[in-house]
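Data block below; observations after.
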Amino acid sequence: MAASAPAGARSGVTARQRLRAWMLEGLSDMAKHQQGPHAGPVSAHRGQRWWRVMCLTGVDYFSTLGYQPGIAALAAGLLSPIATVVLVLVTLAGALPVYRRVAEESPHGQGSIAMLERLLSFWKGKLFVLTLLGFAATDFLITITLSAADAATHLVENPHLTSALHNGQMTITLILVALLGAVFLKGFLEAMGVAIVLVGLYLGLNVVVVAAGLWHVATAAHVVTDWSHALTAEHGSVPAMIGVALLVFPKLALGLSGFETGVAVMPHIEGDPDDTEERPRGRIRGAKKLLTTAAVIMSVFLIITSFITTLLIPEQAFRPGGSANGRALAYLAHEYLGSAFGTVYDISTIAILWFAGASAMAGLLNLMPQYLPRYGMAPHWARAVRPMVLVFILIAFLVTWIFNADVDAQGGAYATGVLVLISSAAIAVTIAARRARERGWTIGFAAISVVFLYTTVANVIERPDGVKIGACFIAGIILVSFLSRLARAFELRVAGVVLDPMAERFIRDIAHRKIRFIANEPDQRDLAEYRDKLEQIRTDNDLPVDDDFIFVEVTVGDPSEFESELRVHGEVMHGRYRVLCLESSTISNALAALLLHARDMTGQRPHIYFEWTEGSPFAQFLRFFLFGQGEVAPVTREVLREAEPDRSRRPRVHVG
């Protein structure tokens, strides 16, 4: 009996270890491109054909056919086809060129955010990126919850199921969100396989519905005449029609979704055999094909569906509570192709709307690990797919509960997130074109930026709740990010230590005696500075005059950076003082990394000597947290304690 308990305990530990290994499996599956800009060739098997990835992004983009014709009809009425043409022109002449340029400038899935990140440094750059990530989270997470809620609405409003499911909107939405998470917990390739089937089926069924609609328009010629007469009577002239169409265009902005996701999942597109992470020409070419093909397919469908739904569906059916509200094409499928086909179409629409969140989930899983862990603003497991899936699904549950699974209530936040990201992308490519001295493209992209900024402002004025929701996401990301960075403040934040030949010679030479370093804050760097510092350290620590020392000086670069490679340069000052020069985001972490590297290189425990810094400990900690300086000695010791639990192997820290 006594022996059985440890065996059971061991079995329990093994089970936990298996669960942990499964959760962290493929820690970098979603971010292979994070190997760095100098990574070697990227083999083609690491990615998927561009059209397969297009299906993953297309479950979001193409699924808007389920509700976009209804939105256009409510916003523009009889002008719906003309307003949709304006939307298509903005898509093909505005959003598409912008994101084709984004694919060139940022081929690693970081999107336009990475392009704008380069404009700012220090903490203001990080806060700017976190703000854009907040809008990206708004866009992607609301895509998950809104699409699931819309799928639930189609299910509840199906004529065969209305009586049985009329009170089940919330429950059905939560189940659909959970099922989406389960697919991604299973694996990314499985999610892509489901997307390909759903997109192929949905587009095929829409071709049938469109063909049936066009046939009825052609055989009932009076509907075109009636529509044109009513349009002329309501608006008078063609210029007036175009003017009104331009004014209502911002209400159709949901039809622009999908572009940011398209560039966010670029790393999953296979490239040429000779592609490198620095120059992935094949991946960029595939991304451009993806964006262009998706935009053209969607544009054709939007124009035709807005035309046939406006002509064939009574106006009152589009209104809230109407049989075509949010499901115009499903209405036509039931009306002209029968109940059986209509039910199949409903099932297809529900499935693609449910899985529309897959492209958003893929975007989140690729985008967030690119920034937050690199900033030190997320735990290490944030680079793994499955833990992040659970986090995003839990947040989606919360959002669904807050909005009571209401599609209309989430529409403003969704449109705001989409438009802010597209506007930022347009501004980013304008700046990129200007820096490249491409005058024509600069003017063109600037004009596109103005259009999208106008659309964003108009949307915010009409539906300010979108900005409020986005602000909540931004505040949440910033708060969690800073708490995470605070919790990781004492990590050894150095990716590697590289010594130049002089620095390596200094350390190997002093290792024949005892390795003693003096931490020195570089000031004038004159003879008196080093002489006085050495004398003070010897006096404070009662060290013999003949002991050998090496000075260590750290220059703080960008203190907002969390992790970087440490390069050490050795030089001799004034013909007698050996100095190791380091550049890092924090002094303490750089010194701790150097000490551990010297220990591992020589097999000896180094000693380092400091002076106490005057001032409040709390103020000094804030200086360390924000500016990488502060009270260096105790923080260096704490970083060493975190990095090396064995006291017998830990480098020694002395303070006088």
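In this structure, Thr430 contributes its side chain and Phe445 its backbone to a donor-acceptor pair below 3.5 Å. Counting only distance, with no hydrogens or angles, the side chain of Trp354 and the backbone of Ala151 share no donor-acceptor pair below 3.5 Å. Judged by distance alone, with hydrogens and angles left aside, the side-chain atoms of Ser106 form no donor-acceptor pair with the main-chain N or O of Val102 at under 3.5 Å. Between the Asn459 side chain and the Thr455 main chain, no donor and acceptor come within less than 3.5 Å of each other. Using modelled atom types, one side-chain atom of Ser449 and one backbone atom of Ala426 make a donor-acceptor pair closer than 3.5 Å. Judged purely by atom type and a 3.5 angstrom limit, Ser147 has no side-chain atom pairing as donor or acceptor with the backbone of Ile144. Side-chain N or O atoms of Ser63 include none that pairs as donor or acceptor with a backbone N or O of Leu353 at under 3.5 Å.
Salt bridge annotation for Glu105-Arg435: absent, with no cationic side-chain nitrogen under 4.0 angstrom from a carboxylate oxygen.
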Given Val296 and Leu96, is the side-chain contact (heavy atoms from CB on, under 4.5 Å) satisfied, shown in steps?
-> CA-CA 10 Å; Val296 170; Leu96 181 58; 5.6 Å; no
Derivation and outcome, side-chain contact (heavy atoms from CB on, under 4.5 Å), residues Trp51 and Ile196 = CA-CA 9 Å; Trp51 61 267; Ile196 292 169; 4.3 Å; yes
Between Val98 and Ile448, is a side-chain contact (heavy atoms from CB on, under 4.5 Å) present by the stated rule, with each step listed?
-> CA-CA 8 Å; Val98 164; Ile448 294 170; 3.8 Å; yes
Applying side-chain contact (heavy atoms from CB on, under 4.5 Å), run through Thr143 and Asp139 and close with a yes or a no.
-> CA-CA 6 Å; Thr143 297; Asp139 178 9; 3.4 Å; yes
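Using a 4.5 Å heavy-atom threshold, the side chains of Phe62 and Asn206 count as separate. For the pair Leu133/Leu130, a side-chain contact is recorded, criterion being any heavy-atom separation below 4.5 Å from C-beta on. Put simply, the side chain of Phe355 reaches to within 4.5 Å of the side chain of Val194, judged on heavy atoms. No side-chain heavy atom of Val53 sits less than 4.5 Å from a side-chain heavy atom of Glu270. Between Thr292 and Arg100 the shortest side-chain heavy-atom distance falls below 4.5 Å. Counting heavy atoms from C-beta on, the side chains of Val457 and Tyr454 never come closer than 4.5 Å. Looking at heavy atoms from C-beta onward, Thr293 lies in side-chain contact with Met54 at the 4.5 angstrom threshold. A 4.5 Å side-chain heavy-atom check between Gln68 and Thr84 finds every atom pair outside the cut-off.
Val177 and Ile393 make their closest contact through O-CD1, 3.5 Å (heavy atoms, listed as atom of the first residue, atom of the second, distance). When every heavy atom of Ala287 is checked against every heavy atom of Ile269, the shortest pair comes out as CA-CD1, 3.6 Å. The minimum heavy-atom distance between Ala295 and Phe259, with the atom names listed, is CB-CZ, 4.1 Å. The two residues Pro280 and His108 make their nearest non-hydrogen contact at CG-CE1, 4.4 Å. Considering all non-hydrogen atoms of both residues, Val210 and Ile308 come closest at CA-CD1, 4.0 Å. The two residues Leu205 and Ser348 have their closest heavy-atom pair at CD1-CB, 3.4 Å.
The OG atom of Ser306 lies 10.0 Å from the CD1 atom of Ile82; values are rounded to the nearest 0.5 Å. To the nearest 0.5 Å, the span separating CE on Met266 from CG on Leu290 amounts to 9.5 Å. The line from CD1 of Ile422 to CG of Leu453 is 11.5 Å long, rounded to the nearest 0.5 Å. The distance from the CG atom of Leu92 to the OG atom of Ser299 is 3.5 Å, given to the nearest 0.5 Å. Interatomic distance, CG of Leu499 versus CZ of Arg567, reported as 10.5 Å (0.5 Å rounding). Considering CG of Asp150 and OG1 of Thr145, their distance stands at 11.0 Å, rounded to 0.5 Å.
With hydrogens and angles left out, the side-chain atoms of Thr456 and Ser423 include a donor and acceptor closer than 3.5 Å.
A side-chain contact (heavy atoms from CB on, under 4.5 Å) with Phe135 holds for exactly one of Ile474, Val467, Ile113; it is Ile474.
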